[in-house]
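Here the structure comes first, spelled out in structure tokens, and everything after it is commentary.
No experiment lies behind these values; they were computed from the predicted model shown. Chain letters run A, B, ... following the sequence lines, proteins first and then strands; every chain starts at 1.
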Amino acid sequence: MNQNSLQINYSNLNAQQKQAVQHIEGPIMIIAGPGSGKTRVITERIAYLISTNINPGNILALTFTNKAANEMKKRIHEITQNQEAYSIWMGTFHSIFAKILRKEAHIIQYQNNFTIYDNEDSLKIIRRIIKDKKLDKEVYQAKYIFSRISIMKNQLIDHKEYKKNEELINYDKINKRTEFINIFNEYSNICHQSNCMDFDDLLLNTYYLFRDNPEILEKYQVLFKYILIDEYQDTNKVQDKIIKQLGEKYKNICIVGDDSQSIYSFRGANVKNMLNFKFFYKNVQEFKLEQNYRSTKNIVTVANTLISNNKEKIDKTIFSSKENGEKIQLIEYYNDREEGDRTASIIEKSIQHTKKSEHAILYRTNSQSKVVEDGLRKRGIKYKIFGGLSFYQRKEIKDIMAFLKLIVNHNDDESLLRIINYPTRGIGNTTITKIRQHAVNKRKSIWNLLNSKELDEINFTKNTKNKLIIFKNILEDLFDVINENIFKIIELLEEKTGIIKKLEADPTEDNINKLKNIGELFNSIKLFSVRKNKNTLIDFINEVSLDESKEEVNLNKEEYVSLMTIHQSKGLEFSHIYILGVENGLFPSERSIKTLKGVEEERRLFYVAITRAIKTITISYTLNRFQFGTMIKSTKSFFLDEIDNHLQKTYSPRNNYTIPKNRYFKKPVTPKLKNQRLKKIKKEKYKDHRNLEIGQKITHNIFGKGEIQMVDNSDGNEKITVLFSNNERKILLTKFAKFEIIS
DNA sequence: CGGTAGAATATTTTT
DNA sequence: TATTCTACCG
């Protein structure tokens, strides 16, 4: 340990920061305003704990993302020069608790190889339940049902509790959703039966584990002597409860957060957890980090003015010692096309003397990015959109992952259903439904059913049954290698799943890309196993299931303008911020406007947006906006009235606004265009990569064995003439025909 | 059973 | 507009 380096760091801390770092015993609340050096305080605090000879393995630090955790660990290692820094229990609630649950799984009637369902999986299950029950899908909208289940679980109400709760049952009656409890029930059973947990289960089961097993709780209380939680304002009820369980013994709990930046109530987050912390524990030490080191005085003033309209908040005065800076710009546009185009144009001018990476365009909803993209593309300005699908949510990746999950956890029905007929194996909907129903009745997982004599009890045609057996054999072959090393598993996946073959058979641009992604996945699995130096399929799947990371923010210091939703911008900073579409109904959103709570959350969201800026902010709204295929009138957000005095306004609407034609104009890649392009590729030349020759024996998926008699590539579109064993001669297009070469 | 075309429908944020 | 569902035909 290097005391000197520690001291050097402290001299850079202000008085409050220093106190927050060095006060280590008892319950502590650090209220950290935007730009107040929060991350530094957290890392230095943990480093300080270690410097006082606290064992890093006794520290639990819960962060908002796993990426943040990794960065902090690295930083703490640098400060303390203590290799043990990496043994800190640091990560998201979900990933840390998944780790604990895996160890203690048997206690809560799970197997320790349980797999994790993401939201897509959960939704699919719920859709299926609703369909099976033949319920009106207007009344029982899968998304709504799922979010209600999720909210319930966040409130510590599982399906059993729900059944007992008359108030809730009554609520369903009033809303004519009496079947809700049955869906909830069945969903929970399916998850458990499949030895799977969804995101909420990871939290709720941890809570139950501790609640019902005092000796286990004690073990972890002793292990986690020092607990630190970042972004406490965004915790939900289960998370708050678990922290209270774990912290009960030593009460060394340090929560960090900013009530003004709580923006995740839609997934159960509750600011009250933070507000009530003071009342739950006695002698809570409170530290307020009020100096904003990020933004100009003007920006901080606007942010303060805005947030003062919220009633529910902790008193604090954020201030900046930086220069006044420029006034916040407000621009009114005629429509969203103009907004996108002009914003791009403003950035075009600005990047003559600033870096692209200093600019970020923020918006409320993902769909707003489109018009700005057009504007930027037209001007040849490089940009990157954050959000959308993460790598691990892509279809082709999830398909492969389904096989991997199934290898680890044979009972994972959702994964099995995903690939039972992909690539197509002649197992259609009727068969799948039959087999599913039967599995439900027998209370078995589908794999267990396939693998048992009971399969014979279902009346399938011989053909269907054969197909099921072929599928079963594929799985068996894969399951055999679970204990082999990962390289072998990958090899087998490539060979057995047929996914790669299917994609290769139809090499469109899209499919080639998918193949690349799959290759990337295989590489990262290999890297992972080399890095961790053991057979770690479960660990890998675990990490992937909880990997929330999307596009890395400026990984290679590349130069581009960043586009993202305000939610995604949390924790980031940029010199120049552009906030688009600040209109009633969009920001604040239509839904939120009905309740005061909703409006206050949207206001906090606006606060987050404003406080991302270091130097300048440009806010805009439009009078007309294209939505759902039609143009609608819109009005400027009432949030803007709340900060009216601080704004420098420009009105640019002219009804005849035309978008300037441009030098670098490239057409946007709409799906239609993309399809046309794909079709073109298909029409273009094709030659089989296997170098087909006369005399080669092949086997065709329909016509069986045959011999190539002629290869014709005269028009660039390769055809082969094949004499099949039944003496039939056929001409096949190699780009479409499915066949293997035997010799 | 599998693939596709065209209709129907939904649009907030995501660990 | 973008995505998901449905109906139909090979």
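When the P atom of dT13(B) is taken as reference, atom CD of Glu590(A) falls 15 Å away, rounded to whole Å. The CG atom of Asn236(A) sits 14 Å away from the P atom of dT15(B) (whole-angstrom rounding). The separation between Tyr264(A) atom OH and dT15(B) atom C1' is 8 Å, rounded to whole Å. Going from atom CD1 of Ile130(A) over to atom P of dT4(C) covers 16 Å, rounded to whole Å. Following rounding to the nearest Å, Asn119(A) (CG) and dT13(B) (P) show an atom-to-atom distance of 13 Å. The distance between atom NZ of Lys462(A) and atom C1' of dC1(B), rounded to the nearest whole Å, is 20 Å. Distance CG (Asn273(A)) to C1' (dT15(B)): 16 Å, rounded to an integer number of Å. Straight-line distance from the CG atom of Asn366(A) to the P atom of dT3(C): 11 Å, rounded to whole Å.
Scored by the salt bridge (Lys or Arg N to Asp or Glu O under 4.0 Å) test, Asp412(A) finds no partners at all (sequence neighbours excluded). Every residue meeting the salt bridge (Lys or Arg N to Asp or Glu O under 4.0 Å) condition with Glu373(A), not counting sequence neighbours, appears here in chain and number order: Arg377(A). Taking Asp200(A) as the reference, nothing meets the salt bridge (Lys or Arg N to Asp or Glu O under 4.0 Å) condition, with sequence neighbours excluded. Legend: residues meeting salt bridge (Lys or Arg N to Asp or Glu O under 4.0 Å) with Arg148(A), ordered by chain and number and at least two apart, are Asp172(A). With sequence neighbours excluded, the residues forming a ring-ring contact (aromatic ring centres under 6.0 Å, His included) with Phe587(A) are Phe606(A), listed by chain and number. A search for side-chain hydrogen bond (donor to acceptor under 3.5 Å, both in side chains) contacts involving Lys636(A) returns nothing, not counting sequence neighbours. In terms of the side chain to side chain contact (heavy atoms under 4.5 Å, CB included) criterion, residue partners of Phe626(A) (sequence neighbours excluded) are, by chain and number, Asp336(A), Met631(A).
Minimum interatomic distance between Pro588(A) and Ser637(A) (heavy atoms only, all atoms of both residues): CD-OG, 3.4 Å. Contact between Ala32(A) and Gln261(A) at its shortest, heavy atoms only, is O-NE2, 4.2 Å. Minimum interatomic distance between Leu450(A) and Lys472(A) (heavy atoms only, all atoms of both residues): O-CD, 3.3 Å.
Side-chain N/O atoms of Thr565(A) include one lying less than 4.0 angstrom from OP1 or OP2 on dT14(B). When the side-chain nitrogen and oxygen atoms of Thr65(A) are compared with OP1 and OP2 of dT15(B), none of them lie within a distance under 4.0 Å. Not one side-chain nitrogen or oxygen of Gln568(A) sits closer than 4.0 Å to the OP1 or OP2 atom of dT13(B).
In this structure, Phe93(A) forms no aromatic stack with the base of dT15(B), since the conditions of centre separation below 5.5 Å and plane angle below 30° are not both met.
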Kindly give the atom pairs (protein nitrogen or oxygen, nucleotide nitrogen or oxygen) under 3.5 Å for nucleotides 7-11 of chain B.
| unit_1 | atom_1 | unit_2 | atom_2 | d |
| --- | --- | --- | --- | --- |
| dT11(B) | OP1 | Lys143(A) | NZ | 2.7 |

Short N/O separations, protein against nucleotides 6-8 of chain C, under 3.5 angstrom:
| unit_1 | atom_1 | unit_2 | atom_2 | d |
| --- | --- | --- | --- | --- |
| dT6(C) | OP1 | Lys137(A) | NZ | 3.3 |

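Of the candidate nucleotides dT15(B), dT13(B), dC5(C), dC5(C) has the atom nearest to the side chain of Arg127(A). Nearest to the side chain of Thr92(A), among dT15(B), dC1(B), dG2(B), sits dT15(B). Taking the side chain of Thr431(A) as heavy atoms from C-beta on, and the options dC1(B), dC5(C), dT15(B), the nearest nucleotide is dC1(B). Residue His94(A) places its side chain closer to dT15(B) than to any other of dT13(B), dG3(B), dT15(B).
For dT14(B), its base never sits under 3.5 Å from the side chain of His567(A) at any donor and acceptor pair. Between the side chain of Arg267(A) and the base of dT13(B), no donor-acceptor pair of N or O atoms lies under 3.5 Å.
For the pair Ser592(A) and Phe199(A), both in contact range of DNA chain B, the more 5′-proximal nearest nucleotide belongs to Ser592(A).
Contacts of Ile427(A) with the nucleic acid, taken as non-hydrogen atoms under 4.0 Å apart, involve only primed sugar atoms and P, OP1 or OP2.
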